[in-house]
J.: 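Can you read through this structure? Questions will come right after.
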Amino acid sequence: MEGRRQHWPSVGRVDEAQDVRTFIDSNADQWLAGLQEWLRIPSQSGDPALAGEVRRSAEWLATALREAGFPTVEVWETPGLPAVYAEWPADDAGAPVALVYGHHDVQPVEPLEQWTAPPYDPVVVDGRLLGRGAADDKGQVAMHLLGLRAHLAATGRSAPAATVKVLVEGEEESGSPHFVDLLRAQRERLRCDVVVVSDTGLWRADVPSTVIGLRGLVSCQLDLVARDVDLHSGSFGGAVLNPATALARMLATLHDESGHVAVPGFYDSVLEPGEEERAMTAALPYDEAQWLADAHSTVPAGEAGWSTLERVWVRPTAEVNGYWAGHTGAGTKTIIPREAHAKLSFRLVAAQEPDQVRAAVEAWAHAAAPAGATVTLTWEGDGVRPCATPLGTPALQALHRAMARAWGTDVLVTREGGSGPEADLQDVLEAPLVYLGVSLPDSREHAPNENVPVEMLLKGAESAAYFWSELAAQA
Ligand code: BES
Ligand code: MN
Ligand code: MN
């Protein structure tokens, strides 16, 4: 961390729009160099060997927040990996209070050979910042530092127009196992009128949008065990249960012929989107060929009766993430494997509850398992609940105005099929959520060559700068 000093100049003129963008452009290079330094820290929360790196990442962010001027910056310990909290009160005690949410942990980087540049040595190629965490989510957290400084510089203020709190967790990519407890323990200090989530994407670089819903998630490992030894397939094959075959049959019954999830009770509490939302989805400039290209796929697939966007936004899913059994190495090994395994995950939509879906899947697995084998499901964490923001939320209008100023065009409404601890933020803090996110459909989050256009991060910073003024003006 030595040698880095972000110098944040002040401007202090009053043409807010012009000065916000001027400030951002003239400070972008130095800001970007700082972000690249942060991206060099391999803060993978899923790998216990890298816990020290997640701590280093938290310290890096705490230092950057202090340099940006936040009078209060704290690293919050959890039983797992640390979060970072910061607070900058508005001068006006009656000003609205916003909490920015993001995460500083990242996903693993394998397969390494598919990266065109090393994942932890970020570079800018054709205007895109490339590296693990560039889009998900360090870049989107860092854009708030630039945005807040631009807001101060352009308005001539010494404190933001709205009180700005920041909470950046270190375990999101591991399912946020300690986050809800942290929220409950720090509920008073986190009190806010709106949560600004910066961990999602835009519809397109030239079509700004905000998210109004995320899906939930439960995931498990399924173990199907027939016996305690592998058997010679010549001596026993054909006359005993093969758990590898049995597992394949089970997994094939997760969906019916038309792509519906065939787990009894799975859809019991699913709510369908309302008319207003359907109209907004229909208004999106959607190109199925482009969507398929971003998905590196040639044909759409899924539940009959629903469009591609509905399938990923408002319908729940069952997915096989992986499965394995027996001999997978070189050459032939003529065995009946003793056991077989699968990793399954389920995306949830309102008003499905993780507990209810887990129970339905358990019942399905036990009914589907053949005689002569035992099935065990081991669930990962507590699961994630789905989350939605009502279209009439006033802060959503303020965010749309702010983004419209940055892009110079209308802001549309989307959902995301991904998941995070948003429902806990909404429920524990009793505040509405709005999403200022700037990754793109081809940002390759979680994959090799994760990237985000630097210009999207700068537009995000610009939007954040206007948002603090818009929010205060609306109050
Ligand atoms: N930023 C993503 C959530 C997301 C995914 C937003 C796709 C927009 C589009 C987040 O970091 C993430 O990857 N969440 C995980 C949650 C899981 C690890 C509990 C996910 O959705 O798989
Ligand atoms: Mn994320
Ligand atoms: Mn992620």
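When a ligand or atom number is given, it counts from 1 through the structure's own listing order. Counting from 1, the numbers follow the sequence of the chain as shown.
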J.: Parallel under 30°, tilted from 30 to 60°, perpendicular over 60°: which one fits the rings of W38 and W60?
T.: parallel
J.: Under 3.5 Å, side chain of N451 to main-chain N/O of D442, donor-acceptor pair present?
T.: yes
J.: Rounded to 10 degrees, what angle sits at the Mn ion (ligand 3) between H446 NE2 and E173 OE1?
T.: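 About 80°, to the nearest ten degrees.
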J.: For the pair R55 and E59, evaluate side-chain contact (heavy atoms from CB on, under 4.5 Å) and give the outcome as yes or no after the intermediate values.
T.: CA-CA 6 Å; R55 288 173 188 285; E59 290 300 339; 5.7 Å; no
J.: Kindly say whether E362 contributes a backbone atom to a donor-acceptor pair with the side chain of H366 at under 3.5 angstrom?
T.: yes
J.: Under a 4.0 Å heavy-atom cut-off, what residues line ligand 1?
T.: H103, D136, E172, E173, G175, D199, L217, R347, E416, G418, S419, H446
J.: In Å and rounded to the nearest 0.5 Å, what is the CG to OG distance from D136 to S443?
T.: 9.0 Å
J.: Does a donor on one side chain and an acceptor on the other come within less than 3.5 Å for Y120 and Q44?
T.: yes
J.: So, taking the atom named CG in D137 and the one named CE in M143, what distance separates them when rounded to the nearest 0.5 Å?
T.: 8.0 Å
J.: Give a yes/no answer: is there an N/O/S atom of D199 under 2.8 Å from the Mn ion (ligand 2)?
T.: yes
J.: For residues E169 and H103, is any side-chain donor paired with an opposing acceptor at under 3.5 Å?
T.: no
J.: With the Mn ion (ligand 2) as the point of reference, which N/O/S atom of H103 is the closest?
T.: NE2
J.: Nearest to the Mn ion (ligand 2), which N, O or S atom of D136 do we find?
T.: OD1
